[in-house]
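Heads up, the thing below is written out as structure tokens.
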Amino acid sequence: MSSTNDDESSPIWMATVSAPTNIACIKYWGKKDAKWNTPTNDSVSVTLDQKDLRAVTTAAASIKFEKDRLWLNGEEEVGASDSKRFRACVDGVKALAADPSKWKDLKIHVSSYNTFPTAAGLASSAAGYAALVAALAELMSAKETYQGQLTTIARQGSGSACRSLYGGFVAWKAGSAEVSTEGGTPWADSMAVQIADENHWPELRAVIMVVSDEKKDTSSTAGMSTSVATSTLLQHRIAKVVPERMASIEKAFLEKDFESFGELTMKDSNQFHSVCADTYPPIFYMNDVSRTIVRIVHAYNKWAGETRVAYTYDAGPNAVLYTLEKYVVEVGALMAHYFPSPATATTAAAADGYFNDSTFANDVTAFTLNSELLAATNKTGRVPNAGDVKKIYHTKSGPGPQVLSNEKDGNLDLKTGLNTYINTPK
Ligand code: DP6
């Protein structure tokens, strides 16, 4: 790698990558070992396409940097570079650098932005920490000593981030404290494993209903800790429910069995939110709009006589709907009917940016919903109301992190290593 500043006495080394979000079908909720950020149970997720939802991170190292610095969405996060999560990622990757002595004493600058709401239950920390680890690994030409080692580092940034280092359908195996690396790091097998890549099930689609783009009020970390301390349902889930569901959903995904995949996904989302309700004091992430989407999904599947769409909710009110290509326009039209664009107060206007994807917006607008379907979904009591949903994303599964160009896509100045990203609200 050549330096970006042509300064032989104090070169700047730089790398830029993008990383995807992932949305779990079997949820991670609960930490076994908070120090190493390992989970109480296995989990599995779909990695989403980076076209619309991604974190873009530039990492740089230079002898001329006085301290580690981090900018997030254009703002410097003072002190964040001392955080346990950030340190675990930087120091973890430094230890795997091709030439560790070159990087040992160099300070790091990082600038990262998300193309979607941060901390609103859209897996922004997953994309962010996956991008951080991937950018550092690219910068320092890090080499894993075993497959999946980088995911054990990303896991220490944010648990769900380990799954964003691979595309497709990715499990996070809980692992055990007894398995350690040569260097003595425990939990070496608490890592992500790719079950199938993004080309395995090309018909799979995701429709994301952004119900709120505001920061959630109970962080996942805080919520999990209270759930582990107080929820007996969580203990039952860990011991009895998740092991069976993991096996069944892997089989369903590999066999492209949407009926089973969808049902397991919905049941697991429901159980995760039931664990939140069983936590003392209880935690509520879903709201009335979220629950209305659940009702409409069930009414639609019942009308269809099969599972055509499945919802899942993370630690926030936004719905992620998994469906298949052949139903995705119908699903989009149904959702746009009940949740019209706030800008136009009409169904699915293509031009106003309500949809991320204008072709999809046009297809949805041109689609005529079956009147019997509407009669069935009207029984949920939902009356169309503009503004309840802020934006609808249409996407599919995609690959893991991608290396980008520092010149064209980077967020740090090539000569100074200072942030260049300016946040322009969309
Ligand atoms: C509900 O990965 O954000 O999205 O490890 O504390 O950073 P930390 O938690 P985080 O939790 C994600 C929880 C979830 C479920 C999931 O993604 O599996």
Side-chain angles (χ1 to χ4, degrees), residues 19-48 53 55 80 83-86 88-89 114 116-133 151-166 169-175 187 190-193 206 208 215-228 231 234 237-238 241-242 245-246 249 264-265 268-277 279 283-286 290 311-320 322:
T21 60
N22 70 75
I23 301 294
C25 299
I26 304 297
K27 306 290 186 194
Y28 148 50
W29 196 254
K31 295 179 200 290
K32 183 103 177 184
D33 184 332
K35 177 165 182 248
W36 295 99
N37 207 32
T38 60
T40 48
N41 56 265
D42 292 357
S43 57
V44 69
S45 57
V46 176
T47 296
L48 299 182
L53 302 161
S83 78
K84 181 175 161 272
R85 291 168 186 252
F86 183 86
C89 293
N114 298 326
F116 56 92
T118 301
L122 270 184
S124 59
S125 70
Y129 281 102
L132 174 64
V133 167
T151 77
T152 69
I153 297 171
R155 177 252 287 161
Q156 295 172 61
S158 181
S160 52
C162 71
R163 299 184 310 237
S164 274
L165 284 180
Y166 299 127
F169 198 52
V170 184
W172 173 13
K173 303 285 182 192
W187 295 101
S190 182
M191 65 181 183
V193 176
I208 304 173
K215 207 169 154 63
K216 60 195 173 201
D217 53 38
T218 308
S219 74
S220 303
T221 308
M224 281 182 209
S225 141
T226 320
S227 294
V228 168
S231 171
L234 178 59
R237 167 175 170 74
I238 294 163
V241 182
V242 172
R245 277 190 188 157
M246 282 295 292
I249 204 163
L264 286 160
T265 298
D268 206 70
S269 173
N270 293 341
Q271 187 172 73
F272 156 47
H273 291 279
S274 303
V275 165
C276 291
T279 298
I283 308 162
F284 305 109
Y285 290 121
M286 292 170 69
S290 321
Y311 53 78
T312 185
Y313 296 80
D314 277 349
N318 302 323
V320 175
Y322 287 118

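Everything numeric in this text was worked out from a predicted model, so none of it was measured. Just so you know, ligand 1 is whichever comes first in the structure, and atom 1 is the first atom listed for that ligand.
Inclusion of S43 in the set of residues having an N or O under 3.5 Å from an N or O of ligand 1 is not warranted. An N or O contact shorter than 3.5 Å links G159 to ligand 1 by distance.
No donor-acceptor pair closer than 3.5 Å links the side chain of D314 to the backbone N or O of I23. Side-chain atoms of N41 never come within 3.5 Å of backbone atoms of V242 as a donor-acceptor pair (strictly under, hydrogens ignored).
In this structure, R155 falls outside the shell of residues with a heavy atom less than 4.0 angstrom from ligand 1. In this structure, F272 is part of the shell of residues with a heavy atom less than 4.0 angstrom from ligand 1.
Side chains of Y129 and I153 form no contact here, defined as non-hydrogen atoms less than 4.5 Å apart. Inter-residue side-chain proximity for C276 and F284 is flagged as unmet; no heavy-atom pair is nearer than 4.5 Å.
Between the CG atom in L53 and the CG atom in N114 there is a gap of 9.5 Å [rounded to 0.5 Å]. Rounded to the nearest 0.5 Å, atoms CH2 (W29) and CG (D268) are 13.0 Å apart. For the atom pair CE (M224) and NZ (K31), the distance works out to 4.5 Å, reported to the nearest 0.5 Å.
When the heavy-atom distances from atom 16 (C) of ligand 1 to R163, M224, K27 are ranked, the shortest goes to R163. Considering each of W29, W172, Y129, Y28, the one bringing a non-hydrogen atom nearest atom 18 (O) of ligand 1 is Y28.
Those atoms of ligand 1 that come under 4.0 Å of a heavy atom in T221, given as number and element, are 6 (O), 8 (P). Within ligand 1, counting atoms from 1 as listed, the ones closer than 4.0 Å to a heavy atom of A24 are 16 (C), 17 (O), 18 (O). For ligand 1, the atoms lying closer than 4.0 Å to a non-hydrogen atom of N37 are 5 (O). Heavy-atom proximity to S125, at under 4.0 Å, picks out these atoms of ligand 1: 3 (O). Atoms of ligand 1 lying under 4.0 Å from any heavy atom of K31, numbered from 1 in the order shown and given with element: 5 (O), 6 (O), 8 (P).
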**Residues K27, D42; criterion salt bridge (charged side-chain N to carboxylate O under 4.0 Å, His left out); working and verdict** = CA-CA 8 Å; K27 306 290 186 194; D42 292 357; over 6 Å; no
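Residue R85 touches ligand 1 through its side chain alone, judged by heavy-atom distances below 4.0 Å. With a 4.0 Å cut-off on non-hydrogen atoms, S220 touches ligand 1 through its side chain and not its backbone.
Shown here are the side-chain hydrogen bond (donor to acceptor under 3.5 Å, both in side chains) partners of T40, two or more places apart in sequence or in another chain: there are none.
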